[in-house]
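So the structure is just underneath, and the comments pick up after that.
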Amino acid sequence: MAEIRTEHYKSEARKAIKDRTLQGALADVQDRLGKGTAKAYRELPEGPGLRLKAHEIRMQAVENLDILLETLAENVRENGGKVIFAEDAAAAVTECLEIARRHEVRTVVKGKSMVTEEIGLNEALTAAGMEVTETDLGEYIIQLAGESPSHIIAPAIHKTRQQVGRLFAEKLGIPYTEDPPTLTQAARKALREKFLAADMGISGCNLACAETGHITTVSNEGNIRMATTLPRVHVAFMGMERVVARLEDHDILFRLLARGAAAQHMAGYISYIGGPRQPGHADGPDAFYLIIIDNGRSRILADEDFREMLCCIRCAACLNVCPVYGKIGGHSYGYPYSGPVGAVVTPLLVGIDRAKHLFMGETLCGACKDACPVDIDIPRMLLALRARLVEGDRRWNTPPGNLVEKSAYTAWSLAIRNRSLYDGLRWLSAQAQQLMTARDGMIHRLPFPFSGWTRSRDMKPLARKTFMQHWKEMQKE
Amino acid sequence: MLLLEKLIQQAAPLNLPVIPVSGAAAAAAAVSRLVREKNPEWGDTKSVVAWQHPLIEELNLPDELAEHHIPVHMPEATPQTAVSISGQMRTQVVESFIGITAADYCLAETATLVIRSGPDQARAISLVPSIHVAVIALDQIIADLTELYALLKQEPNSGPNHLTNCMTFITGPSKTADIELNMVHGAHGPRELHLFVLIP
C-alpha cells in the first residue's frame with residue numbers, strides 16, 4: 001500500500017498555500033491545460049456533448065465488468081499472455097515479486113502507472129533487492145528527489161527548472177543547467193542505458209479491450225513503448241475497471257482522453273499489447289503478465305452511489321480546473337490520487353472517515369464535471385460521501401458522525417421553526433456581534449466554536465435591520 | 001488527395017514533416033539526402049536500420065547509401081531462429097541513428113501512423129533510433145479511428161486476432177512537457193519523425 005497521509009490534509013494545505021513557487025506552478029498548469037482542454041472540447045466536431053456518449057460507454061463497461069474481465073482474460077491467454085487477478089495491494093505485489101524471482105529479474109524499468117503507486121510496488125521491489133527506475137521524465141525527477149507525484153499526469157509539476165537543474169547536477173553528475181531541453185536530454189541519455197539493460201518492464205493500462213484481449217498504454221514520451229518492447233519480461237498492472245467491450249469503444253475514449261489530459265487531439269503513442277512476442281515476430285518481450293487489481297474496487301462497484309467513479313480514466317482534467325487543487329496542490333491530498341478524483345476515490349479506497357478532509361475540502365462548484373471527458377458527476381459523489389460521513393455506513397466501516405454537530409443541527413432546525421425563539425436568538429447575536437465588529441465594519445475573529453470560520457476570512461456582520469423589519473416599514477409607507 | 005492535404009495540415013503543429021514524393025526513385029533520393037544530412041546522436045558512425053518491406057525494398061537504400069559508406073541493416077526474423085536473430089537485430093537497432101519503417105495505415109484526422117508488429121516488422125525500429133522515417137503509399141491514408149477500427153475488423157487475412165500482439169499508434173515525434181510545461185521533443189523515443197508519402 002502507498003503511504004496514507006490523508007489526516008494531514010489541513011496542515012499540508014496551509015503549507016502549500018504559503019509556498020509561492022508552488023502557487024505559480026499550479027496557476028500555470030490550470031491556465032494552460034485547464035483552458036486548453038475546454039477549448040479542445042468546444043472544437044470537437046461532435047461538440048462537447050460527446051462526453052455524454054463516452055460516459056455511456058464507460059458505464060456500460062462498469063456494469064458488465066464480470067463478463068468483460070473474463071472475456072479479456074480469456075483472450076489475453078489465447079494471445080499467449082498470463083493473467084492474474086489480485087484481490088488487494090499485497091496480493092498484487094506478491095505476484096509481481098514471484099514473477100521477478102521466476103525470471104531472475106535484477107533491474108526494472110517502469111512506465112508511469114497510478115495503480116502501481118496505489119499498491120506501493122516500487123518500495124516492495126526495491127526491498128527485494130531490485131533496481132527500479134521510473135522512466136516518465138516527471139516520475140524520474142521525483143524518484144531522484146525522493147518525493148511523490150503531485151499531479152496525475154504531470155507528477156513533477158511542483159518542481160521548478162532550477163530545482164530540477166540542481167537535482168540533475170547532484171544525481172546525474174552533469175553541469176548545472178536550467179534549460180529544459182538540456183535537462184531532458186540528460187535524462188534521455190541516463191534512461192536509455194536503463195532501458196537497454198533492464199530485465200523487466202512494468203506498465204499500467206489505460207483501457208483494455210475485452211473482445212481482442214489487449215491492454216493499451218498511452219504516453220507522449222515513448223518511455224512506455226521502450227519499457228514494454230526491450231526487456232525480456234513485461235508486467236502490466238490494471239485497475240479492474242479499466243476495460244471496455246469493443247475495439248470501436250476506444251474511438252471516442254482515446255480522442256477525449258487526449259483532450260482531457262493534455263488538450264491534444266491524440267496522444268503521442270498508444271500501444272495495444274495483447275501478449276508476448278508472437279512466434280516468429282521480430283521483437284518484444286518473451287513473457288507478458290497482466291495483473292488485474294481489485295484492491296477495494298468491488299466495494300465501490302457494489303455501491304450504487306459510487307459506482308460511477310469507476311468510469312474514471314485518470315486523465316487529470318479535473319485537477320486542471322479545480323479551484324481547491326489549484327491552491328493546495330497534489331501533495332495535500334495525502335495519497336497518489338489528488339484533486340477532485342482523489343477527493344472521491346481516496347476515501348473509497350482508504351476509508352471515508354480517514355480521508356474525510358478530502359471531500360469536505362472541495363467546493364462543489366462543478367468545474368470538475370464540466371472538464372471530465374467521461375462526464376462523471378463528481379460533485380454528486382462528494383455530497384454522497386458527506387452524507388455517509390454524517391449518517392454512518394456499516395458497509396464502509398464508517399460510524400455515525402460527530403454527535404455534537406448533529407445535536408447542534410437538531411437544535412438549529414427546532415429554533416428556525418419557532419418565530420419568537422428565532423427572533424430572540426437573532427437579537428442576541430446582533431448584540432454579541434457589536435462587540436466583535438472591527439472599525440472597518442467586518443468581523444475578523446469569532447469566538448470558539450465558530451473560530452474556524454474566521455481563521456482565513458472575515459465575516460460580514462448581520463444587517464442592522466432584518467428583511468422583515470424593512471418589509472413592515474415599507475408596508476406602513 | 002483530400003486526405004493527404006488534411007494529413008499535412010494536421011501534422012504541421014506536431015512537428016511532423018509530411019513529404020509527398022512521386023515514385024520510388026524520388027523517394028529514395030529524398031530519404032538518402034536525409035540520411036546524409038542528419039548527424040548521429042550517440043556516436044560518430046552512421047548506420048541505418050530498416051524493415052524488410054516491399055515499399056522500403058523498392059527504394060533500394062543499401063545501394064543508394066553504399067557510395068556514402070552508410071550501412072543499411074534490414075534484419076530478418078524466422079520462426080526457428082527468432083531469439084538469436086533478435087540479439088543481432090538489437091545491436092543493429094541500438095547502433096543505428098535512423099530507423100525506417102512502413103506502416104499499416106495513416107489517419108489523416110490526427111496524423112497518426114498505425115503500425116502492427118510482424119515477422120519483419122520490428123517494434124524497436126520505429127522507437128530506439130533517434131530519427132524515425134516512415135514510408136507509406138498514398139492509399140494507406142484513411143480518415144480517422146472510426147475507419148481504422150472498421151477496417152481492422154474486416155481485413156480478410158487477419159484471423160481472430162486482427163491486431164497482432166502489438167499495434168502502435170504514433171502521432172508525431174517523442175515529446176515531453178514535464179519540466180515547467182516546456183515542450184521538448186525527443187524524450188525517449190525518436191526526436192524526429194519524417195513521413196514520406198509515395199504518390200503513384
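The model shown is predicted, which means the values in this text are computed figures rather than measured ones. To find a chain, count down the sequence lines: A is the first, B the second, and so on, and within it residues start at 1.
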Checklist entry - Where does A:R32 contact chain B at under 4.5 Å (heavy atoms): side chain, backbone, both or neither? => result side chain
Item to check | From B:H188 atom NE2 to A:L191 atom CG, the distance as rounded to the nearest 0.5 Å | outcome: 5.0 Å
Checklist entry - A:V29 versus chain B, heavy atoms under 4.5 Å apart: side chain, backbone, both or neither? => result both
Checklist outcome for this item: If one checks every heavy atom of A:H250 against chain B at 4.5 Å, the contacting part turns out to be both
Next on the checklist: Please check this pair: side chain of A:D283 against backbone of B:R90, looking for a donor-acceptor N/O pair closer than 3.5 Å.
Outcome noted: no
Checklist entry - Mind checking which of residues 9-21 of chain B sit less than 4.5 Å from chain A, heavy atom to heavy atom? => result B:Q10
Next on the checklist: Is A:Y140 close to chain B through its backbone or its side chain, or both, or neither, when contacts mean heavy atoms under 4.5 Å?
Outcome noted: neither
Item to check | Side-chain heavy atoms of A:H214 within contact of B:M167, under 4.5 Å | outcome: no
Checklist entry - With chain A, which of B:V128, B:N182, B:L127 has the greatest number of heavy-atom pairs at distances under 4.5 Å? => result B:L127
Item to check | Heavy-atom pair count under 4.5 Å with chain A, highest-scoring of B:V93, B:I115, B:T110 | outcome: B:T110
Next on the checklist: To the closest 0.5 Å, what do you measure between CG (B:L152) and OH (A:Y272)?
Outcome noted: 8.5 Å
Checklist entry - What part of A:Q163 is in contact with chain B, defined as an atom under 4.5 angstrom from a non-hydrogen atom: side chain, backbone, both or neither? => result neither
Item to check | Heavy-atom proximity to chain B below 4.5 Å, by part of A:R192 | outcome: side chain
Item to check | Structural part of A:A258 lying under 4.5 Å from a heavy atom of chain B | outcome: neither
Checklist entry - Taking NZ, NE, NH1 and NH2 as the nitrogens, is one of them in A:R255 or B:E109 under 4.0 Å from a carboxylate oxygen of the other? => result no
Next on the checklist: Checking side-chain contact (heavy atoms from CB on, under 4.5 Å) between B:L145 and each of A:D251, A:I270, A:L247, which is the one that passes?
Outcome noted: A:D251
Next on the checklist: Quick check on B:T146 against chain A: is it the side chain, the backbone, both or neither that has a heavy atom closer than 4.5 Å?
Outcome noted: both
Checklist entry - Checking heavy atoms, do the side chain of A:I153, its backbone, both or neither come under 4.5 Å from chain B? => result backbone
Next on the checklist: Could you work out, with ring-ring contact (aromatic ring centres under 6.0 Å, His included) as the rule, every residue matching A:Y269, not counting sequence neighbours?
Outcome noted: none
Checklist entry - Do any of residues 173-181 of chain B have a heavy atom less than 4.5 Å from a heavy atom of chain A, and if so, which, in residue order? => result B:P173, B:S174, B:K175, B:T176, B:D178, B:I179, B:E180, B:L181
Checklist entry - When rounded to the nearest 0.5 angstrom, what distance separates CG in B:D144 from CE in A:M266? => result 9.0 Å
Checklist entry - In terms of heavy-atom pairs under 4.5 Å, which option from B:S117, B:P190, B:G172 contacts chain A the most? => result B:S117
Next on the checklist: Would you compute the distance between atom OG of A:S271 and atom CD1 of B:I170 and round it to the nearest 0.5 angstrom?
Outcome noted: 8.0 Å
Checklist entry - Which pairs pass salt bridge (charged side-chain N to carboxylate O under 4.0 Å, His left out) with one or both residues in residues 32-41 of chain B, sequence neighbours excluded? => result A:R188-B:E41, B:K38-B:E192, B:E41-B:R191
Checklist entry - Distance from A:R225 atom CZ to B:T168 atom OG1, nearest 0.5 Å? => result 4.5 Å
Next on the checklist: Please rank B:A187, B:C166, B:A150, B:A124 by heavy-atom pairs under 4.5 Å with chain A and give me the top one.
Outcome noted: B:A187
Next on the checklist: Checking the side chain of B:R123 only, and the main-chain atoms of A:T228 only, is there a donor and an acceptor separated by less than 3.5 Å?
Outcome noted: yes
